[in-house]
2 protein chains.
Amino acid sequence: MIKLSNIEKTYRTDDIETRALGGVSLTIGEGEFVAIMGPSGCGKSTLLNVLGLVDRPTGGRYEFAGEDVSNLPERQLVQFRKRHIGFVFQSFNLIGDLSVEENIELPLLYRAMPKAERKSRVREALELVGLQHRARHKPSQLSGGQQQRVAVARAVVGDPKLILADEPTGNLDSKNGEEVMEMLTTLNEQGTTIVMVTHSPSHGAQAKRIITVLDGQVVPEKEFAL
Amino acid sequence: MIKLSNIEKTYRTDDIETRALGGVSLTIGEGEFVAIMGPSGCGKSTLLNVLGLVDRPTGGRYEFAGEDVSNLPERQLVQFRKRHIGFVFQSFNLIGDLSVEENIELPLLYRAMPKAERKSRVREALELVGLQHRARHKPSQLSGGQQQRVAVARAVVGDPKLILADEPTGNLDSKNGEEVMEMLTTLNEQGTTIVMVTHSPSHGAQAKRIITVLDGQVVPEKEFAL
Ligand SMILES: Nc1ncnc2c1ncn2[C@@H]1O[C@H](COP(=O)(O)OP(=O)(O)OP(=O)(O)O)[C@@H](O)[C@H]1O
Ligand SMILES: Nc1ncnc2c1ncn2[C@@H]1O[C@H](COP(=O)(O)OP(=O)(O)OP(=O)(O)O)[C@@H](O)[C@H]1O
Ligand SMILES: [Mg+2]
Ligand SMILES: [Mg+2]
């Protein structure tokens with residue numbers, strides 16, 4: 001489903017050049033549940049942003065479901081992303097002026113879906129993360145972990161083919177963290193492909209495969225068979 | 001050093017009233033290292049904001065080093081806070097237009113400190129969190145964990161009497177997380193009082209005392225002696 005070949009991502013700031021990803025190649029099959037782990041600053045969010053069509057690579061090729069998406073024009077990229085991908089951002093990226101339920105509804109506005117169905121799906125997603133009683137609040141009126149759960153709800157509400165989650169349990173206590181992991185596992189059993197960045201070894205272990213990143217490169221997986 | 005008596009904090013949004021803290025009383029002695037734990041949304045950040053003079057309680061009394069600070073006028077509150085308290089916010093609160101080193105320097109601008117000494121302290125704080133090579137970057141050019149480390153560096157640079165840290169390792173891999181815990185432990189051995197909110201049981205265990213919060217109330221500590 002996903003094929004990255006020699007992906008490069010370099011950031012330039014005045015005189016400093018940061019090679020965030022240096023020649024990353026990997027394949028992720030449909031229905032897989034992959035965890036991405038590695039030290040702070042090694043390139044995990046950058047990799048997820050490339051996978052999620054949020055960021056363009058500076059080099060290399062990205063094939064999604066057989067289609068070369070590395071050079072799609074902006075408008076097509078956005079359409080593709082909104083329809084197929086659910087993204088949980090590391091810093092949530094909730095819209096401050098919209099209520100919790102309006103935030104969660106956003107991905108559904110990109111489809112031809114009747115209002116009644118949108119409302120019922122939003123309510124379902126809110127119940128999955130236990131935040132029904134906060135539907136009308138603004139993000140700034142929520143705790144850190146509640147904001148994170150809204151971000152998770154927004155990523156799953158549209159039942160996307162691919163869910164990319166950047167540290168979805170980083171601000172959650174163990175019980176809420178387990179509930180999010182349970183939701184992701186259930187979605188995966190129903191066929192959703194999941195790629196999750198995590199710093200938690202116990203949550204990483206709940207995925208079916210772990211990809212380790214170090215200094216912008218993927219560590220060859222067979223090293224772990226030693 | 002810190003004495004909270006019957007602290008109340010209620011938020012009102014249109015028709016909904018949220019009692020974030022309902023009658024919290026606790027004492028923290030100088031030089032203690034306390035962890036605050038509890039489920040998402042139970043009131044930990046609110047408690048830390050009251051302790052850090054970032055938020056005023058809606059009821060109750062707060063004595064800091066013998067002085068009643070519950071009703072200080074705004075200007076005095078800010079002065080007091082800047083001089084005595086270092087705060088690591090759950091969402092970092094870095095200033096986007098300032099570089100990493102300018103962000104870390106901020107608490108030092110509130111004192112009569114010569115420029116050369118400020119610069120050397122900032123450099124020291126950067127080295128403590130391993131981000132010397134990112135000094136001139138803007139926060140938006142850093143990874144989530146790097147931003148969190150800048151927030152930690154800014155909290156410790158002024159060598160404050162009290163450090164309040166709201167989930168300071170939530171976005172860090174185990175190695176970087178351990179380095180932050182080591183830094184806090186060392187500061188505590190040198191006499192700094194530390195109150196840290198954490199979701200990580202292993203980091204909570206490195207504190208000398210754990211305060212559990214549930215639904216806006218402190219759970220009586222002697223229950224754990226059973
Ligand atoms: N400005 C606000 N207006 C209304 N309610 C608020 C506001 N800020 C916080 N709350 C509510 O107060 C309660 C406590 O929030 P707090 O941020 O202290 O939780 P927390 O324990 O830090 O949670 P987390 O572990 O998720 O960070 C939550 O239910 C939250 O929704
Ligand atoms: N806009 C940018 N400009 C310059 N450098 C950047 C930019 N964004 C990211 N970087 C750098 O790219 C590298 C990889 O960043 P990335 O956010 O992918 O790390 P990460 O593995 O997700 O880290 P963390 O675990 O701390 O979230 C980091 O060294 C970071 O400083
Ligand atoms: Mg990241
Ligand atoms: Mg909090």
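Letters A, B, ... are given to chains in the order of the sequence lines, protein chains preceding strands, and every chain is numbered from 1.
- Applying the salt bridge (Lys or Arg N to Asp or Glu O under 4.0 Å) test to pairs two or more places apart or on separate chains, those with a residue in residues 135-156 of chain A are A/E101-A/R136.
- From A/S143, atom OG reaches atom CG of B/D166 across 9.5 Å, with rounding to the nearest 0.5 Å.
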Hey, mind stepping through A/H199 and B/N176 against side-chain contact (heavy atoms from CB on, under 4.5 Å) and telling me if it holds?
-> CA-CA 10 Å; A/H199 279 310; B/N176 274 294; over 6 Å; no
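- In this structure the side chain of A/Q141 never reaches within 4.5 angstrom of the side chain of B/T18, judged on heavy atoms.
- Interface check for chain B: of the options A/P201, A/S40, A/G145, the most heavy-atom pairs under 4.5 Å are formed by A/S40.
- Of the residues considered (B/R134, B/M37, B/K44), B/R134 shows the highest number of contacts with chain A, using heavy-atom pairs under 4.5 Å.
- Annotation: the span from B/S45 atom OG to A/L142 atom CG amounts to 11.5 Å, rounded to 0.5 Å.
- Atom CD of A/Q147 and atom CD of B/Q90 lie 8.0 Å apart (nearest 0.5 Å).
- Of all residues in residues 168-175 of chain B, those placing a non-hydrogen atom less than 4.5 angstrom from a non-hydrogen atom of chain A are B/G170, B/N171, B/L172, B/D173.
- In this structure, NE2 in B/H133 is found 9.5 Å from CD1 in A/I16, a value given to the nearest 0.5 Å.
- Here A/G144 is the residue among A/A20, A/S91, A/G144 with the most heavy-atom pairs under 4.5 Å with chain B.
- Annotation: B/N93, atom CG; neighbour count of heavy atoms from other residues, nucleotides and ligands within 6.0 Å is above 12.
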